[in-house]
Amino acid sequence: MGRVKMTGVALLLLHGIWALAALAVHKAVLPTPWAVYAYFPQLARQQLQWHLFFSLYRLGWSMAIATVLGVVIGIAAVRLPRLGKVLDPLIYLTYPLPKIALLPVVMLLFGLGDGSKIILITLIIVFQVIIGVRDAVRQIPSSLYQGLAVMGANRWQTLRFVTWPASLAGLFSALRIALGSAIATLFFTEVYGTEYGIGYLIMDEWNRLDYLGMYGGIVVLAALAFVLFAALGGLEAWSSRWRRAA
Amino acid sequence: MLEVTHLGVAYAHTPVFADLTFSVAAHEILAVIGPSGVGKTTLINAICGQLAHTGTVTLGKQPVTPQRQRLALVPQDYGLLPWLRVAANVGLPLQLRHHPAPQRVAAMLAALGLTDVADRYPAALSGGQRQRVALARAFVSQPELLLLDEAFSALDPVVKQTAYGLFEAQWQASPMPTLVVTHDWEEALVLSDRLFVMTNGHGTMMANPLSALPRAARAHAPQYPQVLTDLRKAVAAQWAE
C-alpha cells in the first residue's frame, strides 16, 4: 500500500510542476494538464486505440523475440562452455555498439514496415537480456549442479530445476531495465513508414501544431511505459520471491 | 558395501591422492578425517562419480553411477535449491526419479521437525533448519550410499547435538554405507564406526575407540576426553608436516 501511495504522490507532484510551468509560460506550446486531459475524448476519436495497439504490437513482438533469443543464448553461453568462449567476446564487442545507428541498414534490408521496427527494437534490447540471463546463470553455485547430478538428474531435469529458475529472475530484471530503451526506440521507429503508433501520433500532432493532441500522445506513451514497467517489476518480484527471507 | 580401490585423483597433473583403498560395510559409518585442503571433498566427488579418477569405486560390486544407484550427498552448504520450498526440496530426489511420494516426504518432514516450515523457502530458514532439510532430502530416497561432506560443521554446538540425534534416528531406521567427511574429531568420534585419517595424499584406517558405545552416549562417556586428546596427539605430528 505504501508504494501505491508514494506513486500517487509522485504523480500529483509531477502534474503540479507541469501545471505551474504551464501557468508561468502561458503559451499554446505548453498547455495545462487539465486542458490536455479535457482533450482526451477528441483524441479517442482520432483512433487512439489503434495507435496504442500498433505500439504494443511492435513492443510485444520485440520483447518476446528478445526474451526467447536472450534466454537461449544467455543460458548457452554459460552451460555450453565451448560455445561461450565464442559468444562472450561477440557479446562484449557488440553490446556497446549503438544499434540505433543500424537503422538505415535495417530499413534497407527489411523495409519500412513493422518487421524493420520490431527487428531494430529487438536488436537494442536483446543484448541486455542475454547479459542479464547469462550473469544470473553464472551466479548459480556449482554445488547445486553437483547436488542434482548426484541425485541422478539428467540434462533436461538440470535445466528445469536449476538453470531455468535462476535465469527467470535475471530475465525479468533485464527486461525491466531494457524497457526504457525499447520504448525510446519504438518512438524513433514510429516516425517513419507508418500512420499508426503513439510515436506517429505525437509527431503528427506536432506537425499539425495540435499541441493538446501532442501532449495527449506523450501522456499515453508515459502511461504505457509506466504500466509495462510496473508489470515487469511485478514479474521480477514473483520470479525472485524465494530471495526474500520471509 | 562400498569398495574404494587404488583411487587416485589429479588436478592438472598434480595428484591430490594417488592410491586410496578402503571399504565401508553395508551398516557402517566411516568418518573421513583430515585437515583442510587434504582432498576430502575431492574424495567424495570421485566416489559419487563427479570427478575423473583412476582406480575403482563400487557399490554392491557395481561401479557407482548416480543414474543407476540411489546416492545422497549432503554438501557443506547443504545444496538446497533456493527457489524450491522446503517440501519440494525434500521431495526432489523422488521427483527426479519419477516416483513422487508426498506422504513419504510429509513423514520425513515430521520426523525432522520441519512440518511447520514445509511451505517456506530456504532463505527464510535458520542454519539448523536448512541442515535438517538437507538431511531429510538425503534420507527420503532411502539411498544406497550416503555421503556427508562437513554436513554438521556450520552448526553451533547445541544445534549440532540435536542434529546428531536426528541423523542417528534416521540412519538406524534404514542403515546404509555412509561416509562422514569432517575436520572435526568430535563429530568423527560421535558418528562413526571407524576412522579413515587422511594425510598428504595417504589414508590410514583406525578403529574408533568409542564404537562399542551407542552414539548418543559417546560424548558423555568418561573416557571421551582422553580418547579425543590421544587421537589429536597421535595425528597432530603427521598433519603438521
Side-chain angles (χ1 to χ4, degrees), chain A residues 67 71 74-75 78-82 85 132-176 232-246, chain B residues 41-42 44-51 64-86 88-99 117 119-126 129-130 134 137-138 140-141 143-151:
Chain A
T67 294
V71 168
I75 289 178
V78 184
R79 296 295 292 156
L80 306 172
R82 256 185 273 175
K85 266 188 195 153
V133 170
R134 184 195 66 183
D135 291 352
V137 173
R138 217 173 246 171
Q139 279 168 17
I140 302 172
S142 60
S143 66
L144 294 190
Y145 285 113
Q146 198 201 0
L148 246 75
V150 172
M151 286 182 234
N154 57 35
R155 278 183 91 96
W156 167 245
Q157 289 173 322
T158 307
L159 178 71
R160 179 183 158 198
F161 286 104
V162 182
T163 315
W164 171 247
S167 61
L168 263 191
L171 165 72
F172 290 125
S173 99
L175 275 181
R176 199 160 70 114
L232 283 170
L235 281 172
E236 188 192 356
W238 169 80
S239 67
S240 59
R241 62 201 179 285
W242 44 269
R243 286 212 180 102
R244 289 188 296 275
Chain B
T41 299
T42 304
I44 288 245
N45 291 343
I47 287 175
C48 58
Q50 300 303 302
L51 261 186
V64 172
T65 34
Q67 280 75 30
R68 261 181 276 147
Q69 290 135 324
R70 291 189 309 278
L71 314 179
L73 166 70
V74 181
Q76 190 166 10
D77 66 359
Y78 310 137
L80 303 177
L81 297 184
W83 36 81
L84 291 189
R85 294 173 199 274
V86 166
N89 258 299
V90 172
L92 188 62
L94 304 172
Q95 199 181 349
L96 291 176
R97 289 179 188 276
H98 309 290
H99 293 299
V117 295
D119 288 331
R120 293 212 194 148
Y121 290 102
L125 302 181
S126 70
Q129 288 171 323
R130 273 201 281 272
R137 188 171 77 172
V140 79
S141 64
E144 297 159 76
L145 173 67
L146 176 59
L147 305 158
L148 306 180
D149 186 3
E150 303 279 5

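Proteins get letters first, then strands, A, B, ... in listed order; numbering begins at 1 in each.
- Partners of B:Arg68 under the salt bridge (charged side-chain N to carboxylate O under 4.0 Å, His left out) rule, at least two apart in sequence or in another chain, do not exist in this structure.
- Of the two parts of B:Leu147, neither the backbone nor the side chain holds a non-hydrogen atom closer than 4.5 Å to a non-hydrogen atom of chain A.
- Looking at every heavy atom in both residues, A:Phe161 comes nearest to B:Trp83 through O-NE1, 2.6 Å.
- Shortest non-hydrogen contact noted between B:Pro66 and A:Ala149 is CB-O, 3.1 Å.
- Considering CD of A:Gln146 and CG of B:Leu73, their distance stands at 6.0 Å, rounded to 0.5 Å.
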Exercise. Take B:Leu96 and A:Asn154 through the test side chain to side chain contact (heavy atoms under 4.5 Å, CB included) and record every step on the way to the result.
Key: CA-CA 8 Å; B:Leu96 291 176; A:Asn154 57 35; over 6 Å; no
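- Each salt bridge (Lys or Arg N to Asp or Glu O under 4.0 Å) pair with one or both residues in residues 159-176 of chain A, not counting sequence neighbours, appears once here: A:Arg176-A:Glu236.
- Of the listed residues (B:Asp77, B:Thr65, B:Leu71), the greatest number of heavy-atom pairs within a distance under 4.5 Å of chain A belongs to B:Leu71.
- Interface residue B:Pro82: backbone and side-chain heavy atoms are both found under 4.5 Å from chain A.
- Neither the backbone nor the side chain of A:Tyr145 comes within contact range of chain B, judged by heavy atoms closer than 4.5 Å.
- Legend: residues meeting side chain to side chain donor-acceptor pair (under 3.5 Å) with A:Gln157, ordered by chain and number and at least two apart, are absent.
- Separation of atoms CE (A:Met151) and CG (B:Leu92) is listed at 5.0 Å; rounding is to 0.5 Å.
- Proximity to chain A is limited to the side chain of B:Arg137, based on heavy atoms less than 4.5 angstrom apart.
- Of residues 163-172 of chain A, those residues with a non-hydrogen atom less than 4.5 Å from any non-hydrogen atom of chain B are, in numerical order, A:Pro165, A:Ala166.
- Between the side chains of B:Tyr121 and A:Arg241, at least one donor N or O sits under 3.5 Å from an acceptor N or O.
- Contact tally against chain A (heavy-atom pairs below 4.5 Å) for B:Asn45, B:Val74, B:Val64, B:Leu84: the top residue is B:Asn45.
- Contact record, A:Leu144 with B:Leu80: CD2-O, 3.4 Å, taken as the closest heavy-atom pair.
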